[in-house]
There are 2 protein chains.
Amino acid sequence: MIRQTKQRKVLQDIFLKENRPLGVEEILSLGREQVTSLNQATVYRNLKLMVEEGWLERLAHEAFGTLYERADKEHHHHFLCRSCNRAFDLPGCALDHDNASLSGFQVENHEIYLFGICPSCSTAA
Amino acid sequence: MIRQTKQRKVLQDIFLKENRPLGVEEILSLGREQVTSLNQATVYRNLKLMVEEGWLERLAHEAFGTLYERADKEHHHHFLCRSCNRAFDLPGCALDHDNASLSGFQVENHEIYLFGICPSCSTAA
DNA sequence: TTGCTAATGCAAATGCATTTGCAACAATAA
DNA sequence: TTATTGTTGCAAATGCATTTGCATTAGCAA
């Protein structure tokens, strides 16, 4: 039977509050603000559970490593800020479906990544 | 001074012939058809050189690992076949620029990945 | 041809993200 | 409260892609 621990609660809260994909490091440091003893292995174990139960989804890009985000979102894509190294959701889809494919290729799904500077970084400049 | 070795020549030929992104395993096995002794370390060393001199570009996606492709191509995106696990180029750009961004985000570049079944796999079925 | 040294093959070593064993701890059912 | 057993923290262990040390091989300038 699954128990509700404070570590687990903290992780859930973080994902509910930060509305964007998060990496393990980031999750760990945000989590330690609530539970000082929070351990990396605990984060990994819980992320794995949350993915298995379908509450989180995993997302990875070479430039930003592995990220996790809530699974309850509609189809969307991501923006990656090269300045603060954070990922953001871009609601909606900017794929031009008519020109997307090539004859003979059966497209089942897709991913789009935009790179650049996020609002807070460009304001700070 | 850089020497032209037969291993190097084989690697270049492979990239010129196969007109799509290739992974290390694939390069190694294609290369061994020409030079039986071809070693993985040699492939890695040469790929690194070719990237440094700008002849190749590196590309990575979690589902397909690290791939390399010639750098002399125009802007394009990639199709990844979940059946044969190969990557293909999709000439042109299917990004709907007007709907791509979000207010405040400065987009500098982007990547698009399409997933599905490639022509030869769907014919073979 | 010959000499110099870049390049190769092989195996061992790295670097890193993620996983795991284990003892101590803590969330529930009774 | 108490017993049960899921969880955590810690450190050591994995798994893997990529790199490196070294002896041998082989381009290429002279």
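Quick caveat, the model's predicted, so the values are computed rather than measured. By convention in this document, chain letters (A, B, ...) are assigned in the order of the sequence lines, proteins followed by strands, and residues within each chain are numbered from 1. Below, each value reflects all heavy atoms present in this structure, side chains not excepted, and no hydrogens, waters or symmetry copies.
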* Structure fact -> To the nearest angstrom, the CD-C1' distance between B:Glu52 and D:dT18 comes to 14 Å
* Structure fact -> Partner of A:His61 under side chain to side chain donor-acceptor pair (under 3.5 Å), picked from B:His61, B:Glu111, B:Glu62, is B:Glu111
* Hey, which of these two, B:Thr5 or B:Arg58, hits DNA chain D nearer its 5' end, going by closest nucleotide? -> B:Arg58
* With DNA chain D as reference, determine whether B:Ala41 or B:Arg3 sits nearer its 5' end, using the nearest nucleotide of each. => B:Ala41
* Test item: B:Thr123 side-chain N/O and B:Pro119 main-chain N/O as donor-acceptor pair under 3.5 Å -> yes
* Structure fact -> With the side chain defined as heavy atoms from C-beta on, A:Gln7 is closest, among D:dT19, D:dG9, C:dT8, to D:dG9
* Asked: Going by modelled atom types, is there a donor-acceptor pair between the base of C:dT8 and the side chain of B:Arg45 at under 3.5 Å?
  -> no
* **Criterion side-chain contact (heavy atoms from CB on, under 4.5 Å) against A:Tyr68, the qualifying member of A:Val43, A:Leu56, A:Leu59, A:Leu11** => A:Leu56
* Structure fact -> Whole-Å distance, B:Met1 CE to D:dA26 C1', equals 12 Å
* Structure fact -> Regarding the side chain of B:Tyr44, the nearest nucleotide among D:dC28, D:dT18, C:dT18 is D:dT18
* Structure fact -> From the list A:Glu69, A:His78, A:Arg86, side-chain contact (heavy atoms from CB on, under 4.5 Å) partner of A:Arg20 resolves to A:Arg86
* Asked: Can you check the A:Asn46 CG to C:dT18 C1' distance for me, whole Å?
  -> 14 Å
* To do: Find the distance A:Arg8:CZ to D:dT7:C1' and express it as a whole number of Å.
  => 7 Å
* **B:Asn39 side-chain proximity, nearest of D:dG9, D:dT18, C:dC10** => C:dC10
* **A:Thr42 side chain near D:dG9 phosphate (N/O to OP1/OP2, under 4.0 Å)** => yes
* Can you find a side chain N or O atom of A:Lys48 that sits less than 4.0 Å from OP1 or OP2 on C:dT19? -> yes
* To do: Write down the distance between CZ (B:Arg32) and C1' (C:dT8), rounded to a whole number of angstrom.
  => 12 Å
* Asked: Reckon A:Thr66 has a side-chain N or O less than 4.0 Å from the OP1 or OP2 of C:dT18?
  -> yes
* Whole angstrom value for the distance that separates P of D:dT18 from CG of B:Leu28 -> 12 Å
* Separation of atom NZ in B:Lys6 from atom C1' in D:dT25, rounded to whole Å -> 9 Å
* Under the side chain to side chain donor-acceptor pair (under 3.5 Å) test, residues paired with A:Asn46 that sit two or more places apart -> A:Arg8
* Structure fact -> Atom CD of A:Gln4 and atom P of D:dT7 are separated, to the nearest Å, by 10 Å
